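Counting from 1, the numbers follow the sequence of the chain as shown. In each ligand, atom 1 is the first atom listed, and ligand 1 is the first ligand listed. This structure is a prediction, so every number in the text was calculated from the model and none was measured.
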Amino acid sequence: MTEHKQTANTQTANTQTNVQALFSPFKIGHLELPNRIVMAPMTRSFSPNGVPGENVAAYYRRRAENGVGLIITEGTLIKHPAASGDPNIPNFHGEEALQGWAEVVKQVHAAGGHIFPQIWHVGMTRQIGDLPNPEALPIGPSGLDLMGNKVTEPMTKEEISQVVAEYGNAAAAAKKLGFDGIELHGAHGYLIDQFLWERTNQRTDEYGGDLLKRAKFAVEVIEACRLAVGPDYPIIIRLSQWKSSDYKAKLANTPEELGQLLALLVEAGVDGFHCSTRRFWEPEFEGSELNFAGWVKKLSGKPVITVGSVGLDTDFMSLFMEGKGAATSNIDGLIDRLEQGEFDLVAVGRALLADPAWAEKVRTGRLDELQPFSPEALRTLS
Ligand SMILES: Cc1cc2nc3c(=O)[nH]c(=O)nc-3n(C[C@H](O)[C@H](O)[C@H](O)COP(=O)(O)O)c2cc1C
């Protein structure tokens, strides 16, 4: 027996006594979730020409059938020619794609699940010449890529207004299709985050300046979505300090700065925050054990989702490099924090990608049956 296996077994015994905290109900606004487990948004690129098919609906349904409380879909694109650089990422506009999403909602609801689409524009991470629209130039606040290099012209105010309106249209479509709420992708260095981040936003007009001024785009996007869906429909936003190009990046250097940013976003109309970190146990600011989600909850008073290496023993990128991961190793620490109220909901990414029955196996104490994540799992939509 390997050392890994022994660790997992010991923790199986521990967790059997206390996983209850993960399986207590929770409310975001009027939406009642049966438990605390959220499927993290994961781009899968299995939607040819931007249209999610029956295989995509079945993929999400399997997670709902197996007890995931809330599914957040892979990033799905607002209407804009440069919204992504991959023709297999699903659109959130156009009759065919929206029909595909309607089937996803139907299947997830039939299995007793709840589902939010993650609304996305990649901004300056798109490369010139990328499909599906090779002629479309990447857009961003200052035309800078994530390294700060100039690639295109800054977005005009007219372009900003059009893109903001498309976020609103996507929110309206989500509500019409029967989704239970929406998540705005405001993390990881994509369009909304490019406005928030100093390196990619060097504007000197009202969309640039200090962090609060750089938040104007996010605020307008949230306001447009709120206007589109009315007061009682859940809107959450995913935020991260880190960027895909820079894990040490920070939007907010102090809790005070973070608190001011969150206050603006709450005022604009968000109901909660999805706080993206690569490892949920890492403290966000010196002098406290609270993680990013813990700080966001404390500062905003709103429901928060934590995420990052739940059910894995290695972090996001080293896992891809090393191609290994134990299925269970940190679940005890997670539950302690949940019980202490540091965060409200727990998103699970790769562990749930590898094992659709992750939530049900954890609930019933069958941790030794969990399928560990390996990069192989990315090849199919199982
Ligand atoms: C294959 C894959 C695709 C991802 N796509 C997205 C995405 O579309 N939107 C997003 O916000 N995060 C995305 N992420 C990040 C995950 O939502 C999650 O934050 C990350 O995997 C850490 O959680 P985990 O350690 O439980 O996997 C992706 C992660 C993976 C592994």
Practice task
Scan side-chain atoms only and decide if Y167 and E220 contain a donor-acceptor pair under the 3.5 Å cut-off.
Solution key: no
Exercise for the section: Consider every N or O of S309 and every N or O of ligand 1, then say whether any pair is closer than 3.5 Å. Expected result: yes
Handout entry: Sub-3.5 Å N/O-N/O distance, G75 and ligand 1
Key = yes
Exercise for the section: Using a strict cut-off of less than 4.0 Å between a Lys/Arg side-chain nitrogen and an Asp/Glu carboxylate oxygen, indicate whether E206 and R203 qualify as a salt bridge. Expected result: no
Problem - Side chain, backbone, both or neither: T43 near ligand 1, heavy atoms under 4.0 Å - result: both
Practice task
Given salt bridge (Lys or Arg N to Asp or Glu O under 4.0 Å), test R62 with E65 step by step and report yes or no.
Solution key: CA-CA 5 Å; R62 273 191 288 283; E65 272 168 353; over 6 Å; no
Handout entry: Heavy atom of G308, distance to ligand 1 below 4.0 Å
Key = yes
Problem - Ligand-side contact atoms (ligand 1) for residue partner L378, heavy atom cut-off under 4.0 Å - result: 1 (C)
Handout entry: Lys/Arg N to Asp/Glu carboxylate O, E360 vs R63, below 4.0 Å
Key = no
Problem - Check ion pair D271-R226 (N to O, under 4.0 angstrom) - result: yes
Practice task
Heavy-atom contacts with H188 under 4.0 Å: which atoms of ligand 1 show up? List them by number with element.
Solution key: 10 (C), 11 (O), 12 (N)
Exercise for the section: Decide, yes or no, whether a salt bridge links D368 with K361 under the criterion of side-chain N to carboxylate O below 4.0 Å. Expected result: no
Practice task
Would you mind finding which of H274, R350, R279 brings a heavy atom closest to atom 27 (O) of ligand 1?
Solution key: R350
Exercise for the section: Name the option, out of Q118, H185, R238, that contains the heavy atom nearest to atom 12 (N) of ligand 1. Expected result: R238
Practice task
Quick one: look at L352 and ligand 1, take heavy-atom pairs under 4.0 Å, and tell me if it's side chain, backbone, both or neither.
Solution key: neither
Exercise for the section: Examine P41 against ligand 1 and note whether any of their N/O atoms are separated by less than 3.5 Å. Expected result: yes
Fill in the blank from the handout: Rounding to 0.5 Å, atoms CG (L144) and CG (N201) come to a distance of 8.5 Å
Exercise for the section: Report, in ascending order of atom number, the atoms of ligand 1 lying under 4.0 Å from any heavy atom of V307. Expected result: 19 (O), 23 (O)
Exercise for the section: Say whether I78 and F92 are linked into one hydrophobic cluster, either directly or through other cluster members, by side-chain heavy-atom distances under 4.5 angstrom. Expected result: yes
Completion exercise
In ligand 1, the atoms that come under 4.0 Å of a heavy atom of A40 are 17 (O)
